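Order of appearance sets the numbers: ligands from 1, and atoms from 1 within every ligand. All figures in this text were calculated on a predicted structure; none of them were measured in a lab.
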Amino acid sequence: MGMTSKLMVGNWKMHGSLAANASLLPDILSGMGGVTCRAAVCVSAVYLAQAQSLLTGSALAWGAQDVSAHESGAYTGEVSAAMLHDFAVRYAIVGHSERRQYHGETDAVVASKAQRALAAGITPIVCVGESQAEREAGQTESVVKRQLAAVIHANGHCISEIVVAYEPVWAIGTGLTASPEQAQAVHAVLRAQLQAATAHADRVSILYGGSMNADNAASLLAQPDVDGGLIGGASLKAPDFLSMLKAASR
Ligand code: PGA
């Protein structure tokens with residue numbers, strides 16, 4: 001069981017605009033009275049300056065959705081961890097299944113990204129999760145363990161500084177959610193794997209992601225090893241996101 005307060009992170013993906021963000025972020029902030037969980041939004045890199053200016057000093061942190069595996073150099077289009085640090089980001093998602101699927105990110109690349117983030121003082125949110133076919137083939141445990149093992153191997157004793165997000169690929173953006181029992185079963189496997197690597201595994205927040213919404217958040221968050229959520233679609237609507245932050249604050 002994780003020992004810290006719950007952590008709820010919005011993953012805006014490739015959504016937002018200067019105008020939309022300028023109303024969504026204040027709408028979220030204005031409803032955060034009574035929210036005691038940790039909360040963040042991961043926005044497109046081009047909106048980090050805007051997020052920083054609107055959120056500095058508030059209870060809502062901001063983060064990036066990716067970070068380069070390289071430190072600096074001739075990598076056109078990439079954003080380094082040091083650049084993210086310039087905008088005071090607290091979190092960077094790494095290894096989201098959309099990056100693994102559409103941009104060919106391997107376990108080794110994801111592990112390097114986590115390393116770059118940690119070295120810059122940014123908490124990587126390391127995403128793991130099986131596809132529908134892998135679940136049906138009984139490979140769920142072996143897939144998520146392989147994905148996390150690469151990050152543990154590359155990051156040694158710093159591993160207690162990461163956040164893990166279990167996101168079954170079949171649940172992302174589909175409206176299909178893992179049941180609380182299915183989520184807990186995988187979270188327990190990940191917790192045990194972290195325990196074998198660090199004495200501080202209880203400090204690692206293990207988030208659930210995949211069609212989490214205002215209706216199912218409370219039952220998922222009630223599981224002993226579900227320490228929060230990584231929320232896509234439902235994080236783009238202030239009332240929905242706020243109701244999930246409140247569910248995580250109980
Ligand atoms: P979803 O996305 O909540 O829209 O399913 C979650 C994610 O991909 O992080």
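- When hydrogens are left out, the protein atom nearest atom 3 (O) of ligand 1 is Gly232 N, 2.9 Å; that is the closest non-hydrogen contact.
- Every N/O-N/O distance between Ile172 and ligand 1 stays at or above 3.5 Å.
- Set against the non-hydrogen atoms of Leu230, the atoms of ligand 1 under 4.0 Å away are 6 (C), 9 (O).
- Put simply, the side chain of Pro124 reaches to within 4.5 Å of the side chain of Val94, judged on heavy atoms.
- For ligand 1, the atoms lying closer than 4.0 Å to a non-hydrogen atom of His96 are 7 (C), 8 (O), 9 (O).
- Counting atoms of ligand 1 from 1 in the listed order, those under 4.0 Å from a heavy atom of Glu167 are 6 (C), 7 (C), 8 (O), 9 (O).
- Looking at Ala171 against ligand 1, only its backbone comes within 4.0 Å, counting heavy atoms.
- Salt-bridge check for Arg100 with Glu105: failed, with every basic side-chain N at 4.0 Å or more from each acidic carboxylate O.
- Phe241 approaches Ala40 most closely through the heavy-atom pair CZ-O, 3.8 Å.
- Close approach to Lys13 involves these atoms of ligand 1, each under 4.0 Å from a residue heavy atom: 2 (O), 7 (C), 8 (O).
- Atom CE in Met244 sits 13.0 Å away from atom NZ in Lys6 (nearest 0.5 Å).
- Ligand 1 has an N or O atom lying under 3.5 Å from an N or O atom of Gly233, backbone or side chain.
- Close N/O approach between Gly209 and ligand 1 is not found [any backbone or side-chain N/O within under 3.5 Å].
- Atom numbering of ligand 1 starts at 1 in the shown order; those under 4.0 Å from a heavy atom of Gly210 are 5 (O).
- With salt bridges taken as basic N to acidic carboxylate O contacts below 4.0 Å, one links Arg191 and Asp227.
- Glu71 CD: 12 or fewer foreign heavy atoms inside a 6.0 Å radius.
- Here the options are Glu134, Arg135, Glu136, the test is side chain to side chain donor-acceptor pair (under 3.5 Å), and the partner is Gln132; only Glu136 passes.
- When only interatomic distances are considered, the shortest N/O to N/O separation between Glu98 and ligand 1 does not fall below 3.5 Å.
- Screening Gln184, Gln182, His187 for a side-chain contact (heavy atoms from CB on, under 4.5 Å) with Tyr208, the sole residue that qualifies is His187.
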